[in-house]
Amino acid sequence: MLLFKTQNLMVEYNFSEVEPKWQQYWESKGIYKVRIDSSKPKYYALDMFPYPSGAGLHVGHPLGYIATDILSRYKRLKGFNVLHPMGFDSFGLPAEQYAIQTGQHPAITTKENIDRYKEQLKSLGFSYDWSREVRTSDPSYYKWTQWIFKQLYNSWYNITNDRAEPIETLIAKFEENGNDKVGVIGDQKIETFTAKEWNNAREDQKQKILLEYRLTYIAETTVNWCPALGTVLSNDEVKDGYSERGGHPVIKKSMAQWNMRITSYAERLLSGLDDIDWPDAIKDMQRNWIGKSIGAEIDFKFENSNDNIRVFTTRIDTIFGVTFMVIAPESNYTDQLTTPDQRIEVEKYVVAAKNRSERDRISNVKQVSGVFTGSYVMHPFTDQKIPVWIADYVLAGYGTGAVMAVPSGDQRDFDFGKKYQLPIVQIIDQQNITETEADSTKNGKMVNSSFLNGLTPIQAIPKGIEAIVEKGIGTAKVNYRIRDAVFGRQRYWGEPIPVKFKNNLPEVLEDHELPLVLPEVDKYLPTEDGAPPLGRADNWQDTDGNAYEMTTMPGWAGSSWYFFRYMDPDNSEQFASPEALAYWENVDLYMGGPEHATGHLLYSRFWTKFLYDRGFIKVDEYAKKLVNQGMIQGRSNFVYRVKNENTYVSEGLKGDYDTYALNVDVNIVKDEVLDIEAFKLFRKDSKNAHFVLEEGKYKCGWEVEKMSKSKYNVVNPDILIGSYGADTLRMYEMFLGPIEHSKPWNTNGIEGVYKFIRKFWNLFHNEGDQFIVTDQAPTEAELKILHVLIKKIEEDIEKFSLNTSISSFMISTNELGTLKCNKRSILTPFTILIAPYAPHLAEEIWRLLGNSESIFNAEFPVFSPEYLIEDRFEYPVSINGKVRVKISFSIDESAKFIEQMVLANPTVRKWTDGKSPKKVIIVANKIINIVI
RNA sequence: GCCAAAGUGGCGGAACUGGUAGACGCGCACGACUCAAAAUCGUGUUCUUUCGAGAGUGAGGGUUCGAUUCCCUCCUUUGGUACCA
């Protein structure tokens with residue numbers, strides 16, 4: 001096997017005894033339990049909590065956890081009161097899929113998986129306060145997820161005040177003025193009504209109207225339906241027309257669904273990005289997802305009636321290039337605009353377009369298709385007749401679902417115009433329109449554009465808006481790409497939505513009815529008539545016989561607010577107490593993978609802003625700083641088998657044979673050399689195989705692939721901890737490279753860190769493993785080593801450069817080893833410096849140094865610059881940019897003197913070859929460059 | 001296509017605001033210890049070389065006394081996004 005244990009090392013530093021000892025000590029003494037302490041500044045370090053899958057942790061998961069643990073311990077040593085919790089995102093599809101196959105309740109599987117995860121996390125020696133653990137599937141937790149749902153239901157977005165408010169303030173407005181002055185963000189078309197109409201309306205009518213305003217609402221919407229999973233999915237859960245989980249095809253379908261009105265927060269979610277320290281990549285992804293575009297809406301009057309159709313455009317400057325109009329197949333105008341003789345053809349097209357799968361639409365982007373409605377609208381400025389077409393490149397969900405087509409300036413309009421022989425009008429003098437391409441650039445001056453002629457497109461845009469406003473046919477308008485998020489799932493293993501139906505109208509449950517606990521069902525499948533699994537539960541209704549909602553919440557519900565629950569996890573009266581919320585405020589460091597950019601990381605910002613608006617919390621962003629840890633990919637090893645023979649050829653010789661590659665377990669390969677005996681056990685049919693070796697070894701090939709069982713490239717942290725200890729694994733994971741880089745996992749090299757830990761131990765011990773620390777006074781050289789290190793470690797941690805800290809520890813250890821330094825005044829601070837990285841080792845040595853309290857109650861050493869001051873500097877002297885010699889000078893030596901001495905130097909004279917230099921550059925305490 | 005990030009030895013990577021490229025570690029080679037192996041320790045290790053030196057941070061160009069670092073063009077890889085008017 002790869003991982004040998006060497007007997008004689010065990011005598012020196014016995015991690016397998018030391019690590020569990022301190023883990024138990026820390027736990028029994030509650031060292032990591034934290035309480036509100038206003039005498040200290042707070043620091044909140046958070047990991048994205050995991051979904052506990054059946055496979056357990058692999059070596060990639062802890063990468064981020066180790067980094068936050070180092071930060072937490074460092075901040076603690078620096079005097080902060082550190083909140084560093086962990087929990088589990090324990091609702092989700094895999095447990096439910098497993099339940100469908102085996103009949104086992106997902107709660108059982110989930111608990112088993114959580115136990116396994118906790119055990120693994122504990123063996124890594126993290127400083128989590130486990131008394132604050134949360135599980136999203138625990139009723140005492142999801143009670144509050146349901147409670148937040150309820151608050152959203154009972155709120156609306158007041159545009160005037162730019163914040164969410166209780167629904168009562170909306171009702172008051174209706175009672176006084178009707179809905180005339182109440183604006184909404186989003187696409188819903190709401191009939192206007194007067195106060196009188198409102199006050200005279202029936203209760204059920206009122207409730208229907210209020211649903212148009214509530215921040216969570218039920219509505220008939222086009223959703224992503226995944227037949228294989230039997231549920232709807234939100235946009236971020238669909239990738240390229242397939243479900244993100246499982247990779248099943250997804251189709252568009254119209255369904256009544258619970259939604260979250262995240263669109264109300266589009267602008268604030270966008271502008272809030274400027275105030276948080278998150279990676280630009282994530283910010284950009286969120287910006288693109290929100291997709292703000294600034295433009296105008298214009299009405300085009302119908303040819304034969306006074307109705308009109310509204311379009312959104314970002315290029316109103318091109319208004320005189322409009323030669324046709326295109327509406328989405330799903331558009332409400334389709335019916336109205338279709339003339340009798342076009343009806344058959346239109347209906348055919350609309351049905352075909354609806355049945356086109358998302359996947360099909362994506363893969364045929366270049367192919368435009370459409371059908372003429374038979375109707376015309378009037379150009380608002382020229383009064384020319386403009387034909388209205390239907391095409392599926394226009395999306396019903398964006399803007400108004402209708403486009404003014406400018407074929408000269410838009411490629412899709414151009415393609416469409418070409419295909420159906422519609423006119424193309426140039427509207428900018430420098431426009432370069434070819435046989436196949438439109439020109440969308442804004443260079444040049446407007447032509448063929450009436451009152452816009454002579455202006456640049458940039459000037460024409462405000463001018464155009466001015467004109468439509470004046471005519472009363474349009475306004476400036478901002479559009480967002482982001483859609484409201486579908487919130488219901490036709491699945492079992494999620495939070496029940498706390499709603500019952502009375503007379504077909506939804507009603508949220510009373511606070512005292514929460515939590516609405518997930519009921520038992522006989523099978524985790526839809527009912528015979530297609531209702532979700534909760535439809536199988538007996539008496540899924542309240543005491544008055546009102547049916548409860550049957551869909552459950554999506555995976556992102558519980559994770560959208562968990563960071564607040566950690567602040568006060570056992571509170572049964574509130575989701576967290578005002579005191580806890582005021583003290584801990586928000587997360588100072590949030591670590592996690594970038595794959596959640598447009599899902600979790602956006603939804604949780606939305607909920608945070610909502611809770612802020614409603615006065616439940618004091619912050620409107622929950623994470624000040626976000627760091628993305630890179631993904632750990634798999635690194636597969638291969639052996640090469642000769643076709644039709646039981647023979648394996650070493651990698652370098654495979655070209656001489658006709659072979660095929662086979663994945664081999666990476667755990668039986670070390671530095672690309674195969675352990676042949678282990679291989680014979682690994683592949684039973686190869687027990688008598690023949691091996692063609694090079695230099696007496698069988699060398700394997702390698703490749704980067706996804707980490708997966710089937711590729712035999714999964715490395716389990718338990719095995720590495722067993723062989724090298726948690727401290728070695730922690731340091732090695734950090735040593736691999738910058739935390740935010742993705743990289744394949746490669747265990748080669750872990751021995752270097754292991755050796756380092758032993759070398760560090762040996763600073764305190766002699767060859768007989770006796771503790772030999774002395775109280776001798778340190779030398780200047782030793783103090784310099786220490787203070788260089790203090791400075792470096794502080795700087796590195798503050799900028800998350802944890803890989804370079806490990807190098808610095810190695811360098812300092814090597815230097816102190818060379819000096820045979822075993823002085824307490826140097827080694828004590830050194831031990832504290834290393835404690836965040838190797839907590840078990842540091843705690844052990846701390847006790848050997850005679851301390852009775854945990855090292856994590858110590859103080860971080862203070863850097864003193866005085867030990868780093870030098871009186872001489874050795875200048876590299878370069879001639880024409882090449883370093884040729886080094887000459888040492890006193891640091892305050894004059895440039896003139898240095899120049900004289902340098903030019904007189906024999907090596908320099910040799911290189912200058914008697915010529916007088918053109919220029920001598922002396923950069924103080926940096927470099928000297930002579931130009932000849 | 002668009003947006004973002006990244007390209008440095010055999011490998012992971014280092015190099016602060018432009019100033020000795022390759023720190024630290026792995027691997028490899030040689031040596032010590034050993035009957036031997038493992039482990040450990042020591043030395044060396046960018047490439048080419050006529051041993052003088054020359055080349056070199058994805059490619060090409062530019063700014064500079066000096067560029068991995070700044071600017072321009074291009075290539076490759078990874079992540080995101082996909083008819084958004």
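The sequence lines fix the lettering, A, B, ..., with proteins before strands; numbering per chain opens at 1.
Base orientation of B:G27: anti, since the glycosidic angle falls outside 90° of 0. Anti is the classification of B:G31, since its glycosidic angle lies more than 90° from 0.
Helical stems in RNA chain B, defined as runs of 3 or more consecutive Watson-Crick or G-U wobble pairs with both donor-acceptor distances under 3.5 Å, are listed by first residue as B:1-7 with B:75-81, B:10-12 with B:24-26, B:27-32 with B:40-45, B:46-48 with B:53-55, B:58-62 with B:70-74.
Across all strands, A:V931 comes closer than 4.0 Å only to sugar-phosphate atoms, never to a base (heavy-atom distances).
Contact annotation: A:R481 does not reach the phosphate of B:A85 (side-chain N/O to OP1 or OP2, under 4.0 Å).
Remark: the separation of the P atoms in B:A59 and B:C75 is 15 Å, to the nearest Å. B:A67 and B:C16: their P atoms are spaced 16 Å apart (whole Å). B:C74 and B:C83 have their P atoms separated by 26 Å, with the value rounded to a whole Å. B:G66 sits 7 Å from B:G19 when the C1' atoms are compared, rounded to a whole Å. With C1' as the reference atom, B:G54 and B:U50 are 12 Å apart, rounded to whole Å. Between B:G7 and B:A14, the two C1' atoms lie 16 Å apart (nearest whole Å). For the P atoms, the distance from B:U73 to B:C2 is 13 Å, rounded to whole Å. Rounded to whole Å, the separation between the C1' atoms of B:A23 and B:C33 comes to 30 Å.
Residue-to-nucleotide contacts include a donor-acceptor pair under 3.5 Å from the side chain of A:K886 to the base of B:U20. Put simply, the side chain of A:N929 and the base of B:C65 share a donor and an acceptor less than 3.5 Å apart.
Side-chain atoms of A:K759 lie closest to B:C41 of the nucleotides B:C84, B:C41, B:A82. Of the candidate nucleotides B:A4, B:C41, B:A85, B:C41 has the atom lying nearest to any side-chain atom of A:K755. The side chain of A:N748 has B:C26 as its nearest neighbour among B:C26, B:C84, B:G25. Of the listed nucleotides (B:C28, B:U20, B:A85), B:A85 has the atom at the smallest distance from the side chain of A:V394.
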* Stepwise salt bridge (Lys or Arg N to Asp or Glu O under 4.0 Å) test for A:D280 and A:R287 -> CA-CA 10 Å; A:D280 288 335; A:R287 285 191 189 107; 5.8 Å; no
* Stepwise side chain to side chain contact (heavy atoms under 4.5 Å, CB included) check, A:L729 with A:Y724 -> CA-CA 7 Å; A:L729 180 61; A:Y724 298 101; over 6 Å; no
* To do: List the steps and the verdict of salt bridge (Lys or Arg N to Asp or Glu O under 4.0 Å) for A:D415 and A:K418.
  => CA-CA 5 Å; A:D415 293 340; A:K418 275 277 173 197; over 6 Å; no
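A:N925 places its CG atom 13 Å from the P atom of B:U20, with the value rounded to the nearest Å. What separates CG of A:N479 from P of B:C84 is a distance of 13 Å, to the nearest Å. Atoms NZ (A:K918) and C1' (B:U64) sit 15 Å apart, rounded to a whole Å. Remark: P of B:C83 and CG of A:N288 are 13 Å apart, rounded to the nearest angstrom. Rounded to whole Å, the distance from CD1 on A:I806 to C1' on B:C24 is 11 Å. Atom P of nucleotide B:C65 and atom CD1 of A:I930 are separated by 16 Å, given to the nearest angstrom. The separation between A:D392 atom CG and B:A85 atom C1' is 15 Å, rounded to whole Å. Look at CG on A:N628: it is 14 Å from P on B:G79, rounded to the nearest Å.
At least one side-chain heavy atom of A:I319 sits under 4.5 Å from a side-chain heavy atom of A:I298.
Salt-bridge check for A:R635 with A:E672: passed, with a basic side-chain N closer than 4.0 Å to an acidic carboxylate O. Salt bridge annotation for A:E297-A:R310: present, with a cationic side-chain nitrogen under 4.0 angstrom from a carboxylate oxygen. With respect to A:E795 and A:K791, a salt bridge is recorded, a charged nitrogen being found less than 4.0 Å from a carboxylate O.
Judged by closest nucleotide on RNA chain B, A:Q633 is the one of A:D413 and A:Q633 placed further toward the 5' end. Both A:P594 and A:I927 sit near RNA chain B, but only A:I927 has its closest nucleotide nearer the 5' end.
Distance check, rounded to the nearest 0.5 Å: CZ of A:R884 to NZ of A:K910 gives 8.5 Å.
Between A:F873 and A:Y875, the ring-plane angle classifies as perpendicular under the 30° and 60° cut-offs. Using cut-offs of 30° and 60° on the angle between ring planes, the pair A:W745 and A:Y732 is perpendicular. A parallel orientation is assigned to the rings of A:W761 and A:H765, their planes being inclined by less than 30° (bins at 30° and 60°).
Side-chain atoms of A:Y13 and A:N762 form no donor-acceptor pair, as typed in the model, at a separation below 3.5 Å. A side-chain donor-acceptor contact under 3.5 Å links A:S293 and A:Y398.
By the side-chain contact (heavy atoms from CB on, under 4.5 Å) test, A:I806 pairs with A:M731, A:M734, A:F735, A:M810, A:Y837, sequence neighbours left out.
Less than 4.0 Å separates RNA chain B from at least one heavy atom of each of the following residues of residues 807-815 of chain A: A:S807, A:M810, A:I811, A:N814.
The salt bridge (charged side-chain N to carboxylate O under 4.0 Å, His left out) pairs that include a residue from residues 916-932 of chain A number zero, where partners must be two or more places apart or lie in different chains.
Taking both residues in full, the closest heavy atoms of A:I316 and A:I461 are given as CG2-O, 3.5 Å, listed atom of the first, atom of the second, then distance.
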Return the polar atom pairs (N/O with N/O) between nucleotides 13-15 of chain B and the protein under 3.5 Å, or none.
{"unit_1": "B:G13", "atom_1": "O5'", "unit_2": "A:L736", "atom_2": "O", "d": "3.4"}
{"unit_1": "B:G13", "atom_1": "O3'", "unit_2": "A:N803", "atom_2": "ND2", "d": "3.4"}
{"unit_1": "B:A14", "atom_1": "OP1", "unit_2": "A:N803", "atom_2": "ND2", "d": "2.9"}

Report all interatomic pairs (protein N or O, nucleotide N or O of nucleotides 50-57 of chain B) with separations under 3.5 Å.
{"unit_1": "B:G54", "atom_1": "OP2", "unit_2": "A:R884", "atom_2": "NH2", "d": "3.4"}

